[in-house]
2 protein chains.
Amino acid sequence: MEKLCEQPRTHSNCMRMVQPVTDALYVLNGKWKLPILITLQFGNKRFGQIAKEIPKITDRMLSKELRELEANELVKRTVHDTVPVTVEYSLTEYGHSLDPVFNALADWGMRHRERIFQAEKDLVEK
Amino acid sequence: MEKLCEQPRTHSNCMRMVQPVTDALYVLNGKWKLPILITLQFGNKRFGQIAKEIPKITDRMLSKELRELEANELVKRTVHDTVPVTVEYSLTEYGHSLDPVFNALADWGMRHRERIFQAEKDLVEK
DNA sequence: CCGCATCCTTATAGATACTG
DNA sequence: CAGTATCTATAAGGATGCGG
């Protein structure tokens with residue numbers, strides 16, 4: 001498939017690249033979608049486990065965004081008939097197709113960790 | 001530098017990968033940040049040009065998010081002393097360091113364009 | 001017209017308590 | 001354990017105005 005990012009940087013190509021990103025954000029939209037998907041990239045998890053691994057997420061938001069991810073077929077929800085009931089979440093194959101995106105993002109976040117929060121430090125110093 | 005995405009998928013490595021993404025989202029947080037940055041990836045633009053290339057963005061949101069991106073040093077704002085005044089926006093070198101992330105995201109959006117909106121179609125059909 | 005700023009409404013996120 | 005219900009707080013969006 002054609003790679004727009006390797007095409008000449010014309011105005012027309014710009015418009016054609018913005019749309020795919022807008023489309024992607026349609027399913028990734030939501031404050032906690034990416035952290036949730038990344039924890040699941042590392043293996044199947046139960047509701048409580050995901051909550052523990054994402055700092056500051058609330059049960060309500062985790063529940064809500066998991067249901068949206070499930071509706072978009074990125075995440076699979078499996079109920080185990082135990083007492084008490086346990087629910088396991090996993091990435092679908094489609095969900096795993098996002099791996100390169102998350103790896104690029106995590107790599108960037110790690111490389112620029114300090115600079116990311118520089119603006120806030122600058123504000124505090126003033 | 002170490003690449004977490006190539007490390008064993010232990011619980012501990014998961015926690016260490018979620019944090020960089022959370023950090024990255026700290027500066028990318030906001031509905032229009034990515035579309036704005038991508039239009040600027042394709043060259044310097046004026047306010048009105050950016051607005052034209054991002055479907056449905058309002059002037060108010062564009063103005064607000066551009067100022068946040070500028071505060072975070074991802075975008076540079078240059079005022080040209082013309083009549084009427086023109087303002088040019090460009091990516092900083094730091095801003096361009098996000099290129100691999102956007103390319104990965106745009107590539108994914110293009111490959112999965114149809115499936116992204118499948119869930120919505122399913123709902124309408126019911 | 002361009003690049004915003006202000007006011008107001010709507011949508012989304014968070015806090016807390018509670019249940020099968 | 002895995003969520004829901006209710007309420008409050010914050011963020012996004014629309015309409016309009018304004019100086020240059």
Side-chain angles (χ1 to χ4, degrees), chain A residues 11 18 21-22 25-37 39-40 43-72 75-91 119-120 123, chain B residues 11 18 21-37 39-40 43-72 74-90 119-120 123:
Chain A
H11 173 81
V18 168
V21 171
T22 304
L25 293 179
Y26 176 82
V27 289
L28 300 178
N29 149 328
K31 187 167 180 174
W32 304 100
K33 293 272 165 60
L34 269 55
I36 291 170
L37 290 169
T39 69
L40 292 175
N44 302 0
K45 300 268 168 71
R46 291 169 55 191
F47 186 92
Q49 285 179 297
I50 303 172
K52 272 180 216 155
E53 289 171 15
I54 302 176
K56 295 189 182 176
I57 194 171
T58 61
D59 285 356
R60 185 178 107 81
M61 291 312 294
L62 179 54
S63 171
K64 186 166 164 286
E65 307 232 303
L66 275 172
R67 269 182 277 111
E68 290 171 13
L69 290 168
E70 194 193 354
N72 286 318
V75 163
K76 182 163 179 284
R77 182 178 185 271
T78 310
V79 178
H80 294 286
D81 196 13
T82 54
V83 179
V85 66
T86 55
V87 183
E88 190 181 21
Y89 292 92
S90 56
L91 287 192
E120 195 180 28
L123 283 176
Chain B
H11 173 83
V18 168
V21 171
T22 304
D23 293 349
L25 293 180
Y26 178 83
V27 289
L28 299 179
N29 151 326
K31 188 166 182 174
W32 305 101
K33 293 271 165 63
L34 268 55
I36 292 170
L37 289 170
T39 69
L40 292 176
N44 303 359
K45 300 269 168 67
R46 289 174 54 195
F47 186 92
Q49 286 179 295
I50 304 173
K52 272 178 216 156
E53 289 172 16
I54 301 178
K56 296 188 181 176
I57 194 171
T58 61
D59 285 357
R60 183 181 170 290
M61 290 312 293
L62 179 53
S63 173
K64 187 165 164 286
E65 306 234 304
L66 275 171
R67 269 182 278 111
E68 290 171 13
L69 289 169
E70 194 193 355
N72 285 318
L74 292 165
V75 163
K76 181 162 179 284
R77 183 178 187 271
T78 310
V79 179
H80 294 287
D81 197 13
T82 54
V83 179
V85 67
T86 55
V87 184
E88 189 182 23
Y89 294 91
S90 57
E120 195 178 28
L123 282 177

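Everything numeric here is computed off the predicted structure, so don't read it as measured data.
Here the CD1 atom belonging to A:Ile50 is positioned 8.5 Å from the CD1 atom belonging to A:Ile57, to the nearest 0.5 angstrom. Here the straight-line distance linking atom CZ of A:Arg46 with atom NE2 of A:His80 works out to 8.5 Å at 0.5 Å rounding. The CD atom of B:Glu65 lies 10.0 Å from the CZ atom of B:Arg60; values are rounded to the nearest 0.5 Å. Between the CE atom of A:Met61 and the CD1 atom of A:Ile54 there is a distance of 11.5 Å, given to the nearest 0.5 Å.
Mapping B:Arg46 and A:Pro84 onto DNA chain C by nearest heavy atom places B:Arg46 closer to the 5' end of the strand.
In this entry the distance linking CD of B:Gln49 with P of C:dC1 reads 16 Å, nearest Å. Between the OH atom of B:Tyr89 and the P atom of C:dG3 there is a distance of 7 Å, given to the nearest Å. In this structure, the CD1 atom of B:Ile54 is 15 Å from the C1' atom of C:dG3, given to the nearest Å. Computed from coordinates, the A:Asp81 CG to D:dA2 P distance equals 14 Å when rounded to whole Å. Residue A:Leu62 contributes atom CG, which lies 16 Å from atom C1' of C:dA15 at whole-angstrom precision. In this entry the distance linking NZ of A:Lys45 with P of D:dC1 reads 17 Å, nearest Å. Per the geometry, CD1 belonging to A:Ile57 stands 8 Å off P belonging to C:dG14, to the nearest Å.
Using a cut-off of 4.0 Å between Lys/Arg side-chain N and Asp/Glu carboxylate O, A:Glu68 and A:Lys33 are scored as salt-bridged.
Looking only at distances, a side-chain donor or acceptor of A:Thr22 sits under 3.5 Å from a matching main-chain atom of A:Val18.
Within the nucleic acid shown, B:Val85 has no heavy atom closer than 4.0 Å to any nucleic acid atom.
Direction change of the helix axis from one end of the helix from C:dC1-D:dG20 to C:dG20-D:dC1 to the other is 40°, with five pairs defining each end axis (rounded to 10°).
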Any chance you could list the contact pattern along nucleotides 4-16 of chain D? Use B for base contacts, S for sugar-phosphate-only contacts and - for none, protein heavy atoms under 4.0 Å, 5' to 3'. SBB-----SBBB-
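Among the candidates B:Thr39, B:Asn44, B:Leu66, B:Ile36, the single residue satisfying the side-chain contact (heavy atoms from CB on, under 4.5 Å) test with B:Tyr89 is B:Leu66.
For the residue pair B:His11/A:Glu53, the side-chain donor-acceptor check at 3.5 Å is satisfied.
Between B:Thr78 and B:Val87 the shortest side-chain heavy-atom distance does not fall below 4.5 Å.
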